[in-house]
2 protein chains.
Amino acid sequence: MKELIEELEVDALLLLSRQNKYYCASLYSGSGYVLVTKDKIVVMVDGRYYQQMKEANKHNEVVLLDANHSLPFYLQKWKKENNIKKIVFEKSTISYSEYEMLMSIQDITWVAADVDKIRQIKTKDEIATIQKAGDIASQAYQHILQFIKVGMSEKEVENELLYQMRKLGADKESFDTVIVSGERGALPHGKASDKIIEATDFVTIDFGARYKEYCSDITRTFAMTNNYNQELKRIYDIVLTAQQKAINAIQPGMKCSQIDKVARDYIEKNGYGSYFTHNLGHSIGIDCHENPRLSPQDDTVLQVGMIVTVEPGVYVEGLGGVRIEDDVLVSKNGAVVLTSAPKEFHVIGDDENGS
Amino acid sequence: MKELIEELEVDALLLLSRQNKYYCASLYSGSGYVLVTKDKIVVMVDGRYYQQMKEANKHNEVVLLDANHSLPFYLQKWKKENNIKKIVFEKSTISYSEYEMLMSIQDITWVAADVDKIRQIKTKDEIATIQKAGDIASQAYQHILQFIKVGMSEKEVENELLYQMRKLGADKESFDTVIVSGERGALPHGKASDKIIEATDFVTIDFGARYKEYCSDITRTFAMTNNYNQELKRIYDIVLTAQQKAINAIQPGMKCSQIDKVARDYIEKNGYGSYFTHNLGHSIGIDCHENPRLSPQDDTVLQVGMIVTVEPGVYVEGLGGVRIEDDVLVSKNGAVVLTSAPKEFHVIGDDENGS
C-alpha cells in the first residue's frame, strides 16, 4: 500500500469499499472508513463496530464516529496535525452520493483512482483461506456426483449443493450458482432453473464457496448417462486439453494474455474458436472477480502469489456446452491447482450401473 | 414515473441500478441501461440479453448495444430525433466511474437525483409476489420450530432454514440470516455463528425469502426450554405489544414517524426506551431496505400500496434480546400482515415434553 501511495503521489488512501476495508483492517461492512497513510492505518467506525474493531486492530488506530466526530472532523484534524491533504478515493466502488459528500469536505484534494491492486498478491494466510474455500467446493462437488439423478430439477441440485457447502464450513456461496443442463448448457451464465435434468443431458455446474470472506470458483461438466451426444464429448476433450495446456503455461513472468492465447489457440485449431465467447479467467480473492484477467487484452505480468481462474468454455446454441474451471495459484514453480475436484470425463449413470 | 419526470423538470430518467431496471423493464442485471421518457421506455442491452429482453418488453423499445452503437450513440441520436437533452442519473447507486462516463457524453445536461420512489407504491402483482415471499418465510419458520434443538449451532439452524426456503420455492435468501442465541441476542445484526444453542437461551431469527426478485423480511424470538430468564419474558411481552400497537396504528394518511412513536412510546413507558436502538421499520420490495422508513425522522405519509416492516426490538448487553418483525401492507382499511408465522410466546421444549 505504501508503494501505491508513493506511485499516486498522495498522502493517503481513503477506503469505503467492503473488500478493501476488510483487507486492510478486518472491517467487512458497508459502514465505516479506513484511512491508509504511509505509516499507519486508521479505522473510523460508529458505536456498533467500535469494540469489535478495537479487538481486530491491535496495531492500528481505531476512532469513534459520532454526532460530533464525523469523517470531515477527523480528516481536518489529521490535515492539521499530520499534513494529510491529498487523498485518494476509490473511483469504481464509491457512489456518486458518497463522492458528493467527500467533495463537500473542505481543504482536501481528492484524487480518483482504483486501489484494488493492493490485493493482487495474496499472502500465505489468504492462500490458505482460498485453499480451504476450494476444498469445500471440491468436496461438495463429489457429493453432488452421488446425489444427482435424471428427473431432478436444476434447482433441486443447486439447493443440495449449497446445503452441503455450508455443512462443510462455507459461510455462503461465492455467487449465484450456475446449473445448466441439455441445451441450456449453451448459456455461459444461466442460473439454475426448474428445468428437469434428462438422460441425454450434459450438465455444467459453476459455483463456489465463500469462507471467511474469501471465494472459490469452480466449474465442472459431466454427462448424465452414456446416451450422450458425441459432439459434446468431442468438445469436452478439447476444452479439457485447452484448460490443461493453459494451466501448464502459467509461470511468473508470463503475461495474462499469453495464457489466454494458449487455450484460445487450441480451441480455435480444433474448430470451436468462435464458440469460446469469454475470457479465459479472472483473479479471485475477497471479490469473486478481480484483476488481472486472463484475457486477450490484459498484458499484466503474472507474479508469485496471484490466484486466477482458468475456465475455457465452448457453447453451441441448440446443442449445449462445456466449461471446466479451476482456481490456480501462481508459484515460483508454476501453477498450483487449489480445486481438486476430478475433471476426467465422467458419466453419472455409470455409478448406478457399475459399468 | 411520468410524475417524477415532470417534478424534476427533465426529459428522461436513465436507469443503471438493477432494482430500477428490473422494475421498469424486467432487466435484472448490472449491465445494460433503461431510458424512461414521458411516453416510452427504451431498453439498451448487449447481445447476451437482447433476445430475452425483446420477449419481456413487448410494449417497450429494445435496442442493441455493440461496438458501433454505444450508450453515447443512442443518447445523441435521441437528442436529435426526440429533443431529449436533460436527463436524470441515479445519484445513490451509480459509481463515480459510471458518473465520469456519463459526464463524457457531450451535449447532455445531467441531473443527479434519487428515483427509487417510483417503487414505493406496490402494484397488485408486486403485492402478490411479496405475499408469496412472506408465505415461504412463514412456512420455513414453522419447520424450524420443529427442527431446532438444544445443542445445535446457530449455523446448523441457518443452513436448515435456507434449505427449506429454497425447497419451498425461494430463489435465495433476502439478506444474510441473523441467528443469535443467549447473550448474542443483544446483537441486533449478529450473523449466525458456531455458538451452540443452550437450554436457557432465547433465540432470535431474522431472515427472509427472495422470490422472483422480491423480498420478505421476518423476525421471531422464542425460548428453548421453560428454564428461561424472566426478564427476557417480560421484554418479550413488551415488544410484542409494542409491535401490535404499531401495526394497529397503520393507516393511509399517518406519518411514518407517528407509527414509530407508537411502538417507541410504549417501550419507553415500560422502561426499555434506551434499549430500542434502531428504527421501527423500513419499506420492502425489490430491495430489502427501501424508503420510506418507520423512523422518528421520516415524516413521509403512508399511502395505500406501501409495504413496510414493523420490527421493534430490545437489546440488553449481557442478557440477550427480543425482536419481532412482520411485513405489513398499507391498505385502505389499515394494516394487512403478509407474514403469518405465529408470534405468541413460544417455548421449544414444550413440543417435546407435551407440556
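Chain naming here is simple, since letters A, B, ... match the order of the sequence lines and numbering starts at 1 in each.
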Salt bridge or not between [X] and [Y]? Use side-chain N to carboxylate O under 4.0 Å.
X        : Y        : result
B:Asp171 : A:Lys191 : no
A:Glu213 : A:Arg18  : no
B:Arg119 : B:Asp116 : yes

Legend entry - Residue pair B:Thr177 / B:Asp206, side-chain heavy-atom distance below 4.5 Å: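 They are not in side-chain contact.
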
Inset, instruction - Could you tell me whether the side chain of A:Asp298 reaches within less than 4.5 Å of the side chain of A:Asn279, counting heavy atoms only? - result: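 The answer is no; the side chains never approach within 4.5 Å.
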
Inset, instruction - Please look at A:Lys167 and chain B and tell me whether the side chain, the backbone, both or neither of the residue comes under 4.5 angstrom of a heavy atom of that chain. - result: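 For A:Lys167, the contact with chain B is made by backbone and side chain together.
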
Inset, instruction - Using non-hydrogen atoms and a 4.5 Å limit, figure out which bit of A:Asp176 sits close to chain B: side chain, backbone, both or neither. - result: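 Contact with chain B involves the side chain of A:Asp176 alone.
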
Legend entry - Choice from B:Glu156, B:His189, B:Glu173, B:Arg48 maximising heavy atom contacts with chain A below 4.5 Å: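 Top count of heavy-atom pairs under 4.5 Å with chain A: B:Glu173.
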
Legend entry - Backbone N/O of B:Glu311 and side chain of B:Thr309: donor-acceptor pair under 3.5 Å: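 Not at all, since once roles are kept as given, no pair shorter than 3.5 Å links the two residues.
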
Legend entry - Sorted by number, residues from residues 89-104 of chain A in contact with chain B (heavy atoms, under 4.5 Å):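 The residues closer than 4.5 Å to chain B, in numerical order, are A:Phe89, A:Lys91, A:Ser92, A:Ile94, A:Ser95, A:Tyr96, A:Ser97, A:Tyr99, A:Glu100.
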
Inset, instruction - Applying side chain to side chain donor-acceptor pair (under 3.5 Å), run through A:Ser283 and A:Glu290 and close with a yes or a no. - result: CA-CA 5 Å; A:Ser283 297; A:Glu290 300 182 350; 5.8 Å; no

